[in-house]
Amino acid sequence: MNKDEITQIEERIRKKLRSVSLDYNVMPAGRVRFSGDGVIKIDGLRNAKYGELLDVGGVAEAIVLGLYENEVDAIVLAEEDKVSSGMIVKATGRIVEVPVGKKLIGRTVNPLGAPIDGLGPIKGAKRRPVEAPAADIADRSKVDTPLQTGILAIDAMVPIGRGQRELIIGDRQTGKTSLAVDAIINQKGKDVICIYVAIGQKASNVASILHTLNEFGAMDYTIIVCSTAKDSAPLQYIAPYSGCAIAEEFMYSGKDVLIVYDDLSKHAVAYRAMSLLLKRPPGREAYPGDIFYLHSRLLERAAKLSGKIGGGSMTALPIVETMAGDISAYVPTNIISITDGQIYLESELFNAGVRPAVNVGLSVSRVGSSAQVTGMRKVSGKLRLDLSQYRELSVFAQFGTDLDANTLSRLEHGKRTTETLKQDVHETYPVENQIVLLYVAMKELLKDVPVKDVTKFNAEFLRYINNAYPDIIATIRDTGDINMETGLAVEDAVNEFSDIYYKK
Ligand code: ATP
Ligand code: MG
């Protein structure tokens with residue numbers, strides 16, 4: 001073959017190639033090549049986009065989670081046995097949406113927004129995409145309104161503002177869920193809509209939370225988004241985003257919302273399971289590289305909106321479970337760095353009967369104190385310092401050395417303050433009662449009450465002052481402050497009550 005012939009052949013081949021058109025729309029559908037544990041790998045689907053909703057054989061929906069040269073990876077939002085290899089997959093051009101709006105209030109729904117409480121279908125609700133960009137900086141305003149949890153230790157030392165993200169972190173069985181549930185219960189009559197998102201929890205746990213919320217009349221303003229441990233990893237994975245979309249609808253219509261994600265450790269585990277099945281490269285603790293983005297894009301959506309766009313807010317209380325108190329593990333540190341502070345609950349304290357088991361030293365709220373009411377700021381100003389001094393001194397006092405009078409009185413004060421901060425589960429205090437309790441403790445008016453009696457004394461005193469001096473309570477409530485005159489009135493009331501209490 002001479003050179004000319006070769007050139008001719010080459011020319012013919014080139015011509016042929018030019019006539020081949022690569023029309024991507026020729027193949028609008030692909031086929032499931034692999035299916036297992038809620039993930040699928042699809043061949044031939046050329047026009048899918050990241051995050052897009054796919055239709056799998058007309059029986060299930062899936063979300064695109066990976067785009068490769070010859071393959072699309074997706075997670076299935078249905079029972080897995082519905083999907084099998086060979087099924088036809090079509091891109092829908094939509095992304096996952098959930099029903100949102102007032103019709104959901106009082107309902108328990110699954111992560112796709114379908115009711116699972118047996119109270120009938122949710123008809124005609126508006127829908128919203130589960131993934132959405134967070135509000136811009138220009139649309140946000142400063143956190144300036146308190147979100148009262150009704151828990152004295154929290155509202156006094158780690159105050160939460162509307163629009164803040166505060167992490168609740170601690171080992172197993174340290175009262176994390178109870179704290180969040182109590183915060184929801186305390187929103188009664190405060191015009192705050194609450195959303196509790198259960199991620200990978202035992203169904204019986206969720207049922208008992210629903211029961212508690214009903215019991216306290218909290219389902220009148222609460223929505224539960226529930227994914228249980230039985231649900232597939234993809235359903236657990238989208239649950240918090242669905243809850244967030246439901247919250248956003250209220251926030252953008254000017255309402256205040258409180259959302260609890262219980263818990264993001266299980267969320268991370270569900271995402272890791274999916275990622276490993278999709279053969280994504282594992283990183284630290286076998287989590288995929290984008291684990292930070294998983295939670296940052298969720299928590300960034302909590303916001304306090306500026307007045308220009310309605311002034312609504314979304315306060316987020318994500319929960320994270322630690323192992324043996326290790327808050328420096330991968331997922332906890334990530335989430336600590338995303339949130340505006342954390343409430344650290346400690347097993348040791350919990351087991352020693354200090355409940356709620358808040359570790360004061362390791363708990364912070366970076367923005368909430370600017371939202372505290374004046375009276376609370378006044379009475380709680382020295383609280384942290386007093387408690388940390390007490391802790392230091394009590395270690396020292398264990399050596400049994402002779403202690404001077406001042407040290408002894410610091411110790412006695414610390415013991416009584418610690419008792420004052422103890423609070424039973426589901427027993428929340430309105431802010432005016434919190435101020436009274438702390439005022440009494442910080443003025444050291446409990447000196448003559450034996451330490452073991454403090455809790456009972458406080459509870460009965462609150463009842464007494466509310467009944468006998470409703471005007472004092474009303475003044476504190478209405479002004480949000482405790483001035484000298486009111487303070488003296490509270491002191492008189494304590495003295496009066498002590499006389500009655502000890503004569504009984
Ligand atoms: P898990 O790790 O299992 O999710 P958790 O950290 O969410 O546990 P909870 O379920 O809230 O913990 O609480 C564990 C137990 O402690 C419950 O029985 C609850 O009633 C009790 N408890 C929680 N807080 C208090 C409290 N302040 N006073 C008394 N008991 C409490
Ligand atoms: Mg829990």
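Read the numbers this way: they start at 1 and go in the same order the structure lists the ligands and their atoms. The figures that follow rest on heavy atoms only: side chains count, while hydrogens, waters and symmetry mates do not.
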> Which ligand 1 atoms are under 4.0 Å away from a heavy-atom of Gln423?
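Matching atoms, with element in brackets: 26 (C), 27 (N), 28 (N).
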> Which ligand 1 atoms does Arg172 reach within 4.0 Å, using its non-hydrogen atoms?
2 (O)
> Which protein non-hydrogen atom lies closest to atom 31 (C) of ligand 1, naming both residue and atom, and how far is it?
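I find the closest protein heavy atom is Val425 CB, 3.9 Å.
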> Should Glu419 and Arg416 count as an ion pair when the cut-off is N to O under 4.0 Å?
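Here Glu419 does not pair with Arg416 in a salt bridge, since their nearest N and O are not under 4.0 Å apart.
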> Atoms of ligand 1 less than 4.0 Å from Pro356 heavy atoms?
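Selected atoms, number and element: 27 (N).
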> Just by modelled atom types, is the Thr418 backbone N or O under 3.5 Å from a matching donor or acceptor in the Lys422 side chain?
no
> How far is atom 30 (N) of ligand 1 from the closest protein heavy atom, and which atom is that?
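Nearest neighbour among protein heavy atoms for atom 30 (N) of ligand 1, to 0.1 Å: Arg355 NH1, 3.6 Å.
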> Would you check if the side chain of Ser337 reaches a backbone N or O of Asn334 as a donor-acceptor pair within less than 3.5 Å?
yes
> Is any NZ, NE, NH1 or NH2 atom of the basic residue among Arg366 and Asp340 found under 4.0 Å from an Asp or Glu carboxylate oxygen of the other?
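No salt bridge links Arg366 with Asp340.
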> Under 4.0 Å from atom 19 (C) of ligand 1, can you find at least one protein heavy atom?
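So atom 19 (C) of ligand 1 has protein heavy-atom neighbours under 4.0 Å.
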> Any N or O on Gly175 sitting closer than 3.5 Å to an N or O of ligand 1?
yes
> May I ask you to list the atoms of ligand 1 that are less than 4.0 angstrom from any heavy atom of Ser178?
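With Ser178 as reference, the close atoms of ligand 1 come out as 9 (P), 11 (O), 13 (O), 19 (C), 23 (C), 24 (N).
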> Suppose we measure from atom 16 (O) of ligand 1 to each protein heavy atom; which comes out shortest, and what is that distance?
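Nearest neighbour among protein heavy atoms for atom 16 (O) of ligand 1, to 0.1 Å: Phe350 CZ, 3.1 Å.
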> Is the charged tip of Arg410 near the ring of Tyr390: under 6.0 Å from the six-membered ring centre and within 45° of its axis?
no
> Hey, what's the ring geometry for Tyr237 with His267, parallel, tilted or perpendicular (30° and 60° as the breaks)?
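Because their plane-to-plane angle is under 30°, the rings of Tyr237 and His267 count as parallel.
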> Which atoms of ligand 1 have any heavy atom of Thr177 under 4.0 Å away?
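Once the distances to Thr177 are compared, the set is 4 (O), 5 (P), 7 (O), 11 (O).
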> Are any non-hydrogen protein atoms located under 4.0 Å from atom 12 (O) of ligand 1?
yes
> Determine, for Lys456 against Asp453, whether the closest basic-nitrogen to carboxylate-oxygen distance falls under 4.0 angstrom.
no
> Regarding Gln164 and Ser365, do their side chains bring together a donor and an acceptor under 3.5 Å, going by distance alone?
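Yes, a side-chain donor-acceptor pair sits under 3.5 Å.
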> Please determine whether side chain to side chain contact (heavy atoms under 4.5 Å, CB included) holds for the pair Ile195 and Val225, giving the CA-CA distance in whole Å, both sets of side-chain angles, and the decisive distance to 0.1 Å.
CA-CA 7 Å; Ile195 301 170; Val225 179; 4.2 Å; yes
> What residue and atom, counting heavy atoms only, is the protein's closest point to atom 8 (O) of ligand 1, and at what distance?
Gln173 N, 3.2 Å
> Give the atom numbers and elements of ligand 1 that come within less than 4.0 Å of a heavy atom of Thr174.
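Every atom of ligand 1 under 4.0 Å from some heavy atom of Thr174: 5 (P), 6 (O), 12 (O).
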> Starting from atom 5 (P) of ligand 1, find the nearest protein heavy-atom neighbour and note its residue, name and distance.
Lys176 N, 3.5 Å
> Taking atom CD of Glu392 and atom OG of Ser388, what is their separation to the nearest 0.5 Å?
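Going from the CD atom of Glu392 to the OG atom of Ser388 covers 6.5 Å.
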> Near the Mg ion (ligand 2), is there an N/O/S atom from Thr177 that is less than 2.8 Å away?
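Checking the Mg ion (ligand 2) against Thr177, an N, O or S atom does fall under 2.8 Å.
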